[in-house]
Protein chains: 2
Amino acid sequence: MAKSFDSVWTRAPRQPRTSGLTRDQIVRAAIDLLDSEGLPALSMRKLGGRLGAGATSLYWHVANKDELLELALDEFWGLVDDGGGLDGSGSLRETLTTYAYNLRAVLLAHPWAATLIGQLPSWGPRAFRLGERLRRTFTDAGFQGLDVYLAGGTVNSFVLGQIVPVIAMEKAHGGPVRQQDVVGMLDGLATDYPEMRADYHTVMPEDSTAGQALGFDFGLMCVLDGLETRLRGRPGADTVSGETNATGPS
Amino acid sequence: MAKSFDSVWTRAPRQPRTSGLTRDQIVRAAIDLLDSEGLPALSMRKLGGRLGAGATSLYWHVANKDELLELALDEFWGLVDDGGGLDGSGSLRETLTTYAYNLRAVLLAHPWAATLIGQLPSWGPRAFRLGERLRRTFTDAGFQGLDVYLAGGTVNSFVLGQIVPVIAMEKAHGGPVRQQDVVGMLDGLATDYPEMRADYHTVMPEDSTAGQALGFDFGLMCVLDGLETRLRGRPGADTVSGETNATGPS
DNA sequence: ACCTGAACACCGTTCAAGT
DNA sequence: ACCTGAACACCGTTCAAGT
């Protein structure tokens, strides 16, 4: 095909000095891609393409893909922090309930973050800021010493563990799961366990989103009850290791 | 190079009729590879190589890589089930403590499973068998209706959520994490949060494995306390939705 | 200082062809 | 029935070279 007339006017002007890629820009584009297409769909080439650059251009701003994902993960923690819940007004129970529901919502909105939490360290500034707020919440409530961190870890791990299988289900099903789909699956697969199957017919909520919320609420209450017991039980104690009931890790 | 003398005797005998690959064999080899090199290191080519076969041979026995991973994940659930803890002797508290520690240990021994739980459904026979045992544990203890499943989900999600970040830490560090490494990292990164840093110096256990176990124990006690509260509180209730304290998902 | 292209060593999966 | 090899459309990353 014929070349078009080249001239100063047809040729794209040289990019103004600082109009190249920014690390921020790259991270934002990565999060867009992660939100819309999911973690496995994020490739350096595709991301470069979206930014109108070669894939390898990204490597000047970022050491490798994992580093980019660490940056995205820290943005996620920033969203959790922004969601609030830890501003210090209200009872511990209210504060933690708000925080837990917020963390849950942000995780469901950015499911890739749940995967990354299991693969990369959360050592960015936003993660630390959130950690500090969580720490203050528990010290203000009266927790002391190691218990401050153990209590925070208990809430976080519960929320994370609650969401992780939900993400797997939605991925397997290719979208939000309806209760009837679960029932249909169980009727086909759990033929050896009639009681379980019957329960799914009779006792599970119609709306599986509501069911998941019920499970979350149930578990959260258990955790909060336990935390309050621990707080009231021995107000000045440094740790609770003396009242352990565990048989120990195997 | 010269061909060696070909004959019936030099030529390898035709494989006996059923000596080819087995699905079981493939899954076992996959788990070996996952245990020794981790999830990202598992490729169909490498797995085929280990079995003395072409990568593409595997596709006769297994539809795709995800299906293979589903099979491996079900084996994991089998290991959890074999670990016991749900045999029905002892109090609910004892039973659940043993179960939780066992689940934790099996997850730590096969960290890839924690990742897969977040990406694939657990709909294999061993997962169902374990689910049934868990169901019986809670019905025997007096839970009814939906609460049976909510209680089981609470224990499982706590354990899973507790282990997921530990896996990330070990991966980032390339091996088991020593407390001094965490302290060193925090001194460098959490400069804005002196109280947090000080706590890590004074209050964290020397042995970070012990620290993780403490955190697990603390949280598990919270969960168990909460479950017992719920059990004693309203022995005949079908669900606990009436006593929710949640502000609701956003 | 920032970006490009070619190149390397990989991936998962399909499919015609072999035995 | 079971396995192979070539092929396709991808990967992350390095590095010399450009501007």
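To find a chain, count down the sequence lines: A is the first, B the second, and so on, and within it residues start at 1. Note: hydrogens, waters and symmetry copies are ignored here, and every other heavy atom, side chains too, is used.
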Check the surroundings of atom CZ in B:R136: do more than 12 heavy atoms from other residues, nucleotides or ligands lie under 6.0 Å from it?
no

Counting side-chain heavy atoms from C-beta on, which of [options] comes nearest to [X]?
X: A:S43; options: D:dC3, C:dC11, D:dC11; result: D:dC11
X: A:W60; options: C:dT4, D:dT4, C:dA1; result: C:dA1
X: B:K46; options: D:dA1, C:dC11, D:dG12; result: C:dC11

Residue matched to D:dT4 through Watson-Crick or wobble contacts both under 3.5 angstrom:
C:dA16

Let me confirm one number: the CZ-CD distance from A:R135 to B:E195, rounded to the nearest 0.5 Å.
4.0 Å

Distance, P atom - from C:dA9 to D:dA9, rounded to whole angstrom
22 Å

Tell me: [atom1] of [X] to [atom2] of [N], nearest whole Å?
X: B:R23; N: D:dC3; atom1: CZ; atom2: C1'; result: 17 Å
X: B:D66; N: C:dC11; atom1: CG; atom2: P; result: 17 Å
X: B:M44; N: D:dC8; atom1: CE; atom2: P; result: 21 Å
X: B:L69; N: C:dT13; atom1: CG; atom2: C1'; result: 15 Å
X: A:L21; N: C:dC2; atom1: CG; atom2: C1'; result: 9 Å
X: A:R45; N: C:dG5; atom1: CZ; atom2: P; result: 13 Å
X: A:L51; N: C:dC2; atom1: CG; atom2: P; result: 16 Å
X: A:Y59; N: C:dG5; atom1: OH; atom2: P; result: 16 Å

Using a 4.0 Å heavy-atom cut-off across all strands, classify [X] as base, sugar-phosphate, or nothing.
X: B:T56; result: base
X: B:L42; result: sugar-phosphate
X: A:S57; result: base
X: B:A55; result: nothing

Any B:H61 side-chain N or O less than 4.0 Å from OP1/OP2 of D:dC3
yes

Pair B:W112, B:D35: side-chain N/O donor-acceptor within cut-off below 3.5 Å
yes

Between B:K65 and B:M44, is there a donor-acceptor pair closer than 3.5 Å when you use the side chain of the first and the backbone of the second?
no

Using modelled atom types and a 3.5 Å cut-off, is there a donor and acceptor pairing between side-chain atoms of B:N102 and backbone atoms of B:V80?
yes

Of B:A63 and B:A41, the one whose closest nucleotide on DNA chain C sits nearer the 5' end is B:A41

